[in-house]
Amino acid sequence: MPELPEVETVRRGLAPAMEGFVIERAQINRLDLRWPLPDRMAERLTGARVERLRRRSKYILADLTTGETLLIHLGMSGRMLVSGMMLGGFHHDHPAPQKHDHVVLHMEGGARITFNDARRFGAMDLVRTDREAAHWLLAGLGPEPFGNAFHEDYLIARLKGRATPIKTALLDQRVVAGLGNIYVSEVLHRAGIDPRRKAGRIAAPRVAGLVALIREVLAEAIEAGGSSLRDHRQPDGELGYFQHSFHVYDREGEPCQKPGCTGTVQRIVQSGRSSFFCPSCQR
DNA sequence: ATTAGACCCTGATCGC
DNA sequence: TGCGATCAGGGTCTAA
């Protein structure tokens, strides 16, 4: 799924279709995604105007004029498709309904937002906007990578004493929100840190350096329009998304791209997920 | 309190 | 072409 940069890209793609517009009809084709959809979701969305689209970690948050916020998580395979409006100079017609189109928002003016999610690890919920921070899915999240609360001293203190591998620690959304399996590998490669290294046993200056590198890697990916693999698409359905490539992720057996390094990218499994790294320049 | 592993679900891909 | 095993960017929950 989309990690933070992809979710941010989706949010930006949805904004012109949603911000300022009324949801005329919410079509719900299935009552549960990962969890049951909220009670009376269609009724609660119908007639609401979307004031603003925000992002928190990997969640998209749509503030409604009803005082509620629609919370959306794309899981692993969730996609948002925009149709029925001009996008990038072209009019996107409504596509034929697809398998796994679980929720369709029919917007004032004719645009449609289609949430498609084959694996159904995604989620949607409605929460009172003024109580959003206490929502069970958001309450435990760590700081935003680009926020002021995420800084060198914080990360050093947060990882102190932790015996878990740094790869696992950075994947933990309570430590920092928004990193996923791809970007953790990319960050650690850039930092020259072995993903197996115990988080609490890394010298403070190196941990401190991770803060800037995390921001750098995420910012570059957002800049690139959110990178993607396989099944992920930009909200407008265009495929220009598959261009971004990674230095180590999914490059097992390929030469390390760090200048001057002659190592070979290796794949290992950590807490059930693939990690890619260069044993030669990551220590 | 931490940490590893199972589990949720469907689809694509790979080896035979 | 078919078939099973494996893997996939998410996260939660349980049990050690």
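Below, read A as the first sequence line, B as the second, and so on, with proteins coming before strands; counting in each chain starts at 1.
- Computed from coordinates, the A/Asp172 CG to C/dG10 P distance equals 13 Å when rounded to whole Å.
- When the P atom is compared between B/dC9 and C/dT14, the two are found 16 Å apart, to the nearest whole Å.
- For A/Gln270 (side chain) and A/Ile268 (main-chain N/O), no donor-acceptor pair under 3.5 Å exists by modelled atom type.
- The nearest whole Å value for the distance from the CD1 atom in A/Ile182 to the C1' atom in C/dA8 is 10 Å.
- Computed from coordinates, the A/Arg267 CZ to C/dG9 P distance equals 9 Å when rounded to whole Å.
- Of the candidates B/dA4, C/dA8, C/dG9, C/dG9 carries the atom nearest the A/Glu3 side chain, counting heavy atoms from C-beta on.
- In this structure, the CD atom of A/Gln270 is 13 Å from the P atom of C/dG9, given to the nearest Å.
- Using a distance-only test at 3.5 Å, with no hydrogens or angles considered, no donor-acceptor pair links the side chain of A/Glu24 to the main chain of A/Gly47.
- Considering only side-chain N and O atoms, A/Arg162 lies under 4.0 angstrom from the phosphate OP1 or OP2 of B/dT3.
- Side chain of A/Thr46 to main chain of A/Arg25: no donor-acceptor pair is present (N/O by atom type, distance under 3.5 Å, no hydrogens or angles).
- Pairs engaging residues 5-42 of chain A under the ring pair (Phe, Tyr, Trp, His ring centres under 6.0 Å) rule: A/Trp35-A/Trp136 [sequence neighbours left out].
- The existence of a salt bridge linking A/Arg49 and A/Glu108 is confirmed by a sub-4.0 Å separation between a basic side-chain nitrogen and an acidic carboxylate oxygen.
- Residues from residues 118-128 of chain A lying near DNA chain C, meaning a heavy-atom separation below 4.0 Å, are A/Arg119, A/Phe121 in numerical order.
- Counting non-hydrogen atoms under 4.0 angstrom, A/Ser271 reaches nothing in the nucleic acid.
- For A/Glu8 and A/Arg55, the salt-bridge test passes: some basic side-chain N is under 4.0 Å from an acidic carboxylate O.
- Residues meeting the ring pair (Phe, Tyr, Trp, His ring centres under 6.0 Å) test with A/Phe115, sequence neighbours left out: none.
- Taking atom CZ on A/Arg196 and atom P on B/dT3, their separation rounds to 18 Å, with Å as the unit.
- A/Leu218 has its CG atom 16 Å from the P atom of C/dG9, to the nearest Å.
- Nucleotides C/dA5 and B/dC7, compared at atom P, are 16 Å apart to the nearest Å.
- Every residue two or more places apart in sequence or in another chain that forms a side chain to side chain contact (heavy atoms under 4.5 Å, CB included) with A/Arg54 is listed here: A/Arg52, A/Leu61, A/Asp63, A/Thr69, A/Glu132.
- Partners of A/Phe276 by ring pair (Phe, Tyr, Trp, His ring centres under 6.0 Å), not counting sequence neighbours, listed by chain and number: A/Tyr249.
- Rounded to whole angstrom, the span from the CG atom of A/Asp117 across to the P atom of B/dC8 amounts to 17 Å.
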Encode nucleotides 11-16 of chain C as B, S and - characters from 5' to 3', where the letter depends on protein heavy atoms closer than 4.0 Å: B to the base, S only to sugar-phosphate, - to neither. BS----
Distance-only donor-acceptor hits, side chain of residues 150-158 of chain A, under 3.5 Å, sequence neighbours excluded:
unit_1	atom_1	unit_2	atom_2	d
A/His151	ND1	A/Asp153	N	3.4
A/His151	ND1	A/Tyr154	N	3.1
A/Tyr154	OH	A/Val175	O	2.6

What does the 5'-to-3' dot-bracket notation of DNA chain B look like when only Watson-Crick and G-U wobble pairs under 3.5 Å count, and pairs to other strands show as |? .|||||||.|||||||
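- Between the A/Lys167 side chain and the A/Asp194 main chain, no donor and acceptor come within less than 3.5 Å of each other.
- Judged as a side chain to side chain contact (heavy atoms under 4.5 Å, CB included), and not counting sequence neighbours, the contacts of A/Arg40 are A/Glu43, A/Arg44.
- Across the protein-nucleic acid pair, A/Ile268 atom CD1 and C/dC7 atom P stand 14 Å apart, rounded to whole Å.
- Distance check on atom P: B/dC14 versus C/dG9 gives 16 Å, rounded to whole Å.
- Residues meeting the side chain to side chain contact (heavy atoms under 4.5 Å, CB included) test with A/Pro95, sequence neighbours left out: A/Leu81, A/Ser83.
- Candidate nucleotides C/dG10, C/dA8, B/dT3 were compared by shortest atom distance to the side chain of A/Asn181, and C/dG10 ranks first.
- Minimum heavy-atom separation, A/Ala48 to A/Thr66: CB-CG2, 3.7 Å.
- For A/Ser77, no side-chain nitrogen or oxygen approaches OP1 or OP2 of C/dA8 to under 4.0 Å.
- Within residues 97-104 of chain A, the residues that place at least one heavy atom under 4.0 Å from DNA chain B are, in residue-number order, A/Lys99, A/His100.
- Under the side chain to side chain contact (heavy atoms under 4.5 Å, CB included) criterion, A/Ser271 pairs with A/Thr168, sequence neighbours left out.
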